Chemist: 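Have a look at this one.
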2 protein chains.
Amino acid sequence: MAVKQYIQQHQEKFLNELIDLLKIPSVSADPKFKGDVLQAAEFVKESLIKAGADKVEVCQTAGYPIVYGEKIIDPSAPTVLVYGHYDVQPADPYELWDSPPFEPVIKKTESHPEGAVFARGSADDKGQFYMHVKAFEAMMQTNELPCNIKFMIEGEEEVGSNNLESFVKENKDKLKADVILISDTSMLSLETPSITVGLRGLAYMQVEVTGPNRDLHSGTYGGAVANPINILCQMIASLQDENNHITIPGFYDKVEELSLEYRAQLNKAPFDEADYKKKLNINELHGEKGYTTIERTGIRPTLDVNGIWGGYTGEGAKTVLPSKAYAKISMRLVPNQDHKEIATLFQNHFESIAPKSVKVKVTPHHGGQAAVVPTDSAGYRAAEAAILDAFGKKAIPTREGGSIPITSLFQQELGLDPILLGFGLDTDAIHSPNEHYGVKNYFMGIETIALFFKHFKNAAQ
Amino acid sequence: MAVKQYIQQHQEKFLNELIDLLKIPSVSADPKFKGDVLQAAEFVKESLIKAGADKVEVCQTAGYPIVYGEKIIDPSAPTVLVYGHYDVQPADPYELWDSPPFEPVIKKTESHPEGAVFARGSADDKGQFYMHVKAFEAMMQTNELPCNIKFMIEGEEEVGSNNLESFVKENKDKLKADVILISDTSMLSLETPSITVGLRGLAYMQVEVTGPNRDLHSGTYGGAVANPINILCQMIASLQDENNHITIPGFYDKVEELSLEYRAQLNKAPFDEADYKKKLNINELHGEKGYTTIERTGIRPTLDVNGIWGGYTGEGAKTVLPSKAYAKISMRLVPNQDHKEIATLFQNHFESIAPKSVKVKVTPHHGGQAAVVPTDSAGYRAAEAAILDAFGKKAIPTREGGSIPITSLFQQELGLDPILLGFGLDTDAIHSPNEHYGVKNYFMGIETIALFFKHFKNAAQ
């Protein structure tokens with residue numbers, strides 16, 4: 001197959017281009033990187049043009065633009081819509097990176113003996129969406145593109161994809177396709193390939209607790225005036241009971257109790273608890289009573305504080321009773337839990353448990369619905385076949401704990417089940433310092449994607 | 001009395017000198033201000049020399065220096081040792097200051113209709129110790145200094161006075177005196193003058209909770225791995241029960257239950273709850289069940305979180321399950337509670353309540369013992385007489401919630417009961433943004449201090 005040969009001959013070029021993209025600090029959450037995010041959009045546009053796409057366009061939205069491009073080889077052939085995002089998570093805390101987050105370096109790791117690119121966004125999602133651009137280039141250069149292709153690469157995935165819904169609604173014709181293909185998830189390992197068939201939803205909240213109208217001296221007022229940090233800690237602690245069940249009234253109402261058979265099937269995925277704990281350097285796991293780790297991260301909703309701050313956090317000591325304390329709290333949701341409904345339940349509950357000595361403000365930040373991918377579609381069969389070809393093994397279907405809120409949007413608005421063909425590993429430290437993406441995963445991904453197109457052409461007809 | 005006239009004639013000069021001192025950002029907690037702290041020590045030295053002190057010396061310690069100076073008019077006359085501190089609290093958060101913390105401005109407030117100097121350290125303690133330098137100058141210039149005087153002005157009060165104990169122990173002869181006079185507290189108001197006769201002790205701790213060895217993606221790992229912020233919140237919440245009693249075993253063992261008569265006496269101090277709440281803009285008070293606000297801040301120990309941080313605290317959202325979470329926690333202590341013993345009780349308890357899924361590190365920061373000042377001493381009688389002369393009213397003895405850890409050091413090492421003759425107001429926002437000190441309080445303080453010397457000469461003989 002000429003495509004495979006082309007990919008192998010151009011590995012160095014493919015890697016260097018990715019490194020150039022990774023040098024752009026396109027952090028969508030922080031306005032100070034605005035210019036860089038826009039520069040990343042331009043980079044995507046140029047790379048689509050160079051790869052051979054037509055009608056390439058940086059589509060403006062109320063936020064960061066969505067880059068579109070397409071190649072229609074034959075109106076009667078099946079069409080693959082590729083989704084990805086060029087924005088990245090903030091790199092904080094910078095001091096925990098072994099090398100600067102926007103100066104990519106290649107280093108070997110235990111999981112990546114052939115090397116991995118270390119940089120913010122390497123796995124999530126630049127390294128993964130760029131595989132599609134390169135697979136497309138390879139198919140174009142070798143005249144082996146078997147399906148029509150459309151690209152939709154956005155710049156606000158890490159901040160909730162706020163403008164994607166209206167873009168999708170307004171461009172249904174333009175985005176018409178037979179399948180939507182997304183590489184923004186992980187697989188179990190290169191030896192145990194897997195395809196994600198479930199994603200959790202997300203409701204992300206910010207809370208602010210106000211005590212006195214100004215910071216006070218904790219000696220003069222301590223003991224008589226509510227300390228917003230102490231109160232916030234009490235409120236957060238009360239959100240989970242001693243079994244790590246979430247205590248928000250109504251929170252579990254729509255959570256589906258899955259059958260024991262289904263759970264048994266799910267638990268067949270390889271999981272080495274000792275190794276899992278060793279890699280994280282923890283002595284004990286911690287989660288909802290009555291469920292395994294695979295269940296806790298796959299089919300059960302959770303509540304995590306993603307950030308907390310208040311009072312004096314500098315060097316040394318300051319005896320302050322602060323005016324305010326803040327936290328960012330997110331809940332991972334499972335199918336049927338509506339993220340807007342959960343946000344409202346959270347808000348009502350959090351306000352109701354505040355003592356009268358403080359004021360509480362709850363701001364829903366962003367959210368997304370959970371998604372379940374059917375395994376009997378043409379797209380899934382093509383993905384399975386591509387993985388079998390590339391890896392020599394049948395893919396295991398897995399439920400992933402993370403969220404790609406837009407998957408359910410595509411299901412609703414475009415009527416397309418997403419195929420979640422991701423090549424990262426759980427140990428790639430996405431959203432963390434020292435994020436990296438395996439060089440071999442990158443090349444294997446490009447090859448698998450090209451194979452997907454071949455199989456989809458057949459499976460869809 | 002010539003002294004009083006001198007003070008009134010030199011008000012402008014006295015105020016301008018204080019403003020110069022307040023411009024020096026002598027923040028002892030933060031190493032980046034080291035040069036400024038040393039500059040403040042030099043300023044104190046120069047001002048003592050100009051006011052007429054002998055043997056003025058910047059005494060080196062393992063930390064910031066202690067400025068000493070004296071004037072011995074007659075070896076047989078009583079000697080007053082003045083203690084104060086030239087270091088200040090950190091000014092964070094800067095954005096909440098209406099004017100820059102080290103650019104003093106004079107503005108009128110509700111409590112200070114004749115104006116107050118706004119600057120970090122204006123009330124705590126630059127504006128207050130400098131009154132002693134100016135009262136001394138006035139007595140020298142008018143040949144009315146009736147007692148010997150010694151100054152000991154340190155630069156580490158806001159970080160625990162770590163090097164004062166060894167200085168005091170090594171300089172017992174040099175510091176020999178009949179009374180130690182300190183202005184680092186507040187009074188009820190200019191209309192209701194008071195003298196502080198009790199101070200709480202302090203045990204200040206920093207805690208660190210570590211979950212996984214790196215920041216994780218809260219989707220991939222959330223629900224399966226202990227989140228150190230959630231755990232820290234649960235641990236902090238558990239330190240107080242539903243009645244706001246502290247749950248650390250043994251914490252109350254040495255707390256004296258004061259008689260109902262004593263408590264009734266204490267509660268006679270003027271306290272307007274509606275006004276107190278209004279000034280802080282709070283709807284309800286919050287404290288230990290069974291005690292009044294005056295008791296909660298005066299005779300009962302407390303526990304406050306002074307700072308908390310962990311995870312992502314920037315703009316926008318980051319779905320991180322962080323590796324670490326931190327808090328600064330301090331306890332105000334009452335007489336007989338030993339701060340070192342309490343620090344140990346806290347540490348043992350906090351470590352014992354940590355679940356096995358996290359690691360906990362507790363670092364005792366600094367501390368100090370509580371103090372009670374007898375009201376039957378020559379010093380106290382002189383202070384009462386000075387206030388009666390200056391304000392036309394008898395001072396009310398009060399217990400203050402704050403800590404001046406070194407008061408008990410002076411009692412133990414020098415055998416001197418401190419006289420806590422402070423002129424700040426509780427509303428002066430010490431340790432907070434917009435700290436200020438009343439201009440009238442400053443001048444009245446200088447006058448009262450000079451009167452103290454007159455009365456102490458008589459009371460002590």
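Values reported hereafter were calculated over all heavy atoms of this structure, with side chains retained and with hydrogens, waters and symmetry mates removed. Source: prediction; values computed, not measured. To find a chain, count down the sequence lines: A is the first, B the second, and so on, and within it residues start at 1.
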Chemist: Count the heavy-atom pairs under 4.5 Å between each of A:Asn227, A:Ile308, A:Asn281 and chain B, then report the option with the highest count.
Modeler: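 Highest number of pairs under 4.5 Å: A:Ile308.
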Chemist: Please flag which part of B:Arg300 lies under 4.5 Å from any non-hydrogen atom of chain A: side chain, backbone, both or neither.
Modeler: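 For B:Arg300, there is no contact with chain A at all, as no heavy atom is under 4.5 Å.
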Chemist: For side chain to side chain contact (heavy atoms under 4.5 Å, CB included), just list the numbers for A:Asn213 and B:Lys279, CA-CA rounded to whole Å, side-chain angles, deciding distance to a tenth of an Å, and then say yes or no.
Modeler: CA-CA 8 Å; A:Asn213 54 0; B:Lys279 279 192 171 130; over 6 Å; no
Chemist: What is the minimum heavy-atom distance between A:Leu280 and B:Val225, and which atoms define it?
Modeler: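 So the two residues come closest at CD1-CG2, 3.7 Å.
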Chemist: Could you check if a side-chain atom of B:Gln234 sits within less than 4.5 angstrom of a side-chain atom of A:Gln240, using non-hydrogen atoms only?
Modeler: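 In short, these two side chains touch, coming nearer than 4.5 Å.
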Chemist: Can you tell me which of A:Ile236, A:Asn283, A:Thr313, A:Thr297 forms the most heavy-atom pairs within a distance under 4.5 Å of chain B?
Modeler: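 The candidate making the most pairs under 4.5 Å is A:Thr313.
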Chemist: For chain B, which candidate among A:Ala429, A:Cys233, A:Ala237 shows the most heavy-atom pairs at distances under 4.5 Å?
Modeler: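 Winner by heavy-atom pair count: A:Cys233.
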Chemist: Between B:Gly307, B:Gly311, B:Ala327, which has the largest tally of heavy atom pairs under 4.5 Å with chain A?
Modeler: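 Option with the top pair count is B:Gly307.
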Chemist: So B:Asp215 and A:Pro433, do their side chains get closer than 4.5 Å, heavy atoms only?
Modeler: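 A:Pro433 vs B:Asp215: side chains touch.
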Chemist: Which region of B:Lys328, side chain (C-beta onward) or backbone (N, CA, C, O), has a non-hydrogen atom less than 4.5 Å from a non-hydrogen atom of chain A, or is it both or neither?
Modeler: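 It is the side chain, since no backbone atom gets that close.
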Chemist: Considering only heavy atoms, which portion of A:Tyr276 lies under 4.5 Å from any heavy atom of chain B: side chain, backbone, both, or neither?
Modeler: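 For A:Tyr276, the contact with chain B is made by the side chain alone.
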Chemist: Once you round to the nearest 0.5 Å, how far does CD1 of A:Ile229 lie from CH2 of B:Trp309?
Modeler: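 So the CD1 of A:Ile229 and the CH2 of B:Trp309 are separated by 10.0 Å.
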Chemist: For A:Arg200 and B:Gly222, work out which heavy atoms get closest and say how close.
Modeler: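 Closest approach of A:Arg200 to B:Gly222: NH2-O, 3.1 Å.
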Chemist: Over all heavy atoms of both residues, which pair between B:Ala224 and A:Thr293 is shortest? Give the atoms and the distance, please.
Modeler: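 Where B:Ala224 meets A:Thr293 most closely, the heavy atoms are CB-CG2, 3.7 Å.
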Chemist: Which bit of B:His217 is near chain A, if near means a heavy-atom gap under 4.5 Å: side chain, backbone, both or neither?
Modeler: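 Both parts, heavy atoms under 4.5 Å.
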Chemist: Under a 4.5 Å cutoff for heavy-atom pairs, which residue among B:His366, B:Glu288, B:Glu284 has the most contacts with chain A?
Modeler: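 Top count of heavy-atom pairs under 4.5 Å with chain A: B:Glu284.
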Chemist: Looking at every heavy atom in both A:Thr319 and B:Gln89, which two are closest together, and how far apart are they?
Modeler: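 Closest approach of A:Thr319 to B:Gln89, heavy atoms only: N-OE1, 4.0 Å.
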Chemist: Within a strict 4.5 Å, meaning less than it, do heavy atoms of the B:His286 and A:Ile231 side chains meet?
Modeler: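 Yes; the side chains approach each other to less than 4.5 Å.
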Chemist: Side chain, backbone, both or neither: which part of B:Tyr204 has a heavy atom under 4.5 Å from chain A?
Modeler: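 It is the side chain, since no backbone atom gets that close.
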Chemist: Name the member of B:Pro301, B:Ala29, B:Pro355, B:Pro90 that forms the most heavy-atom pairs with chain A at distances under 4.5 Å.
Modeler: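 Heavy-atom pair counts peak at B:Pro90.
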Chemist: Compare every heavy atom of A:His431 with every heavy atom of B:Lys318, then report the nearest pair and how far apart it is.
Modeler: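 Taking every non-hydrogen atom into account, NZ-O, 2.7 Å.
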Chemist: If I measure from the heavy atoms of chain B, does A:Pro228 come under 4.5 Å with its side chain, its backbone, both, or neither?
Modeler: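 For A:Pro228, neither part sits under 4.5 Å from chain B.
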Chemist: By a 4.5 Å heavy-atom criterion (distance strictly below it), what part of B:Pro322 contacts chain A: side chain, backbone, both, or neither?
Modeler: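 The side chain, not the backbone.
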Chemist: Considering only heavy atoms and a distance below 4.5 Å, find which of A:Val358, A:Asp304, A:Thr302 pairs most often with chain B.
Modeler: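 The candidate making the most pairs under 4.5 Å is A:Asp304.
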Chemist: Shorter than 4.5 Å, heavy atoms on both sides: which option in A:Ala325, A:Gly314, A:Gly287, A:Gly223 has the most such pairs with chain B?
Modeler: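 So the answer, after comparing A:Ala325, A:Gly314, A:Gly287, A:Gly223, is A:Gly223.
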Chemist: With a 4.5 angstrom heavy-atom cut-off, could you sort out which part of B:Val320 is near chain A: side chain, backbone, both or neither?
Modeler: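 B:Val320 touches chain A through backbone and side-chain heavy atoms alike.
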Chemist: Is there side-chain contact between B:Leu303 and A:Asn230, with at least one heavy-atom pair below 4.5 Å?
Modeler: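 Of all side-chain heavy-atom pairs linking A:Asn230 with B:Leu303, at least one is under 4.5 Å.
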Chemist: Mind listing the closest non-hydrogen atom pair of A:Ser330 and B:Ser218 along with its distance?
Modeler: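 Nearest pair, atom of A:Ser330 first, then B:Ser218: OG-OG, 4.2 Å.
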Chemist: Heavy-atom cut-off 4.5 Å, strictly under: side chain, backbone, both or neither for B:Tyr291 against chain A?
Modeler: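 For B:Tyr291, no heavy atom lies under 4.5 Å from chain A.
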Chemist: Among A:Leu216, A:Val159, A:Leu202, A:Leu96, single out the residue with the greatest number of heavy-atom pairs under 4.5 Å to chain B.
Modeler: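 With the most close heavy-atom pairs to chain B, the winner is A:Leu216.
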Chemist: Please classify the contact between B:Lys359 and chain A as side chain, backbone, both or neither, with a heavy-atom cut-off of under 4.5 Å.
Modeler: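 Answer is side chain: those atoms of B:Lys359 sit under 4.5 Å from chain A.
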Chemist: Is it the side chain or the backbone of A:Glu158 that comes within 4.5 Å of chain B heavy atoms, both, or neither?
Modeler: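 Only the backbone of A:Glu158 comes within 4.5 Å of chain B.
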Chemist: Determine whether A:Ile282 and B:Ser357 make a side-chain contact, defined as any pair of heavy atoms from C-beta on separated by less than 4.5 Å.
Modeler: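 Side-chain contact under 4.5 Å: no.
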Chemist: Could you tell me whether A:Glu315 atom CD has more than 12 heavy atoms of other residues or ligands within 6.0 Å of it?
Modeler: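 12 or below, so no.
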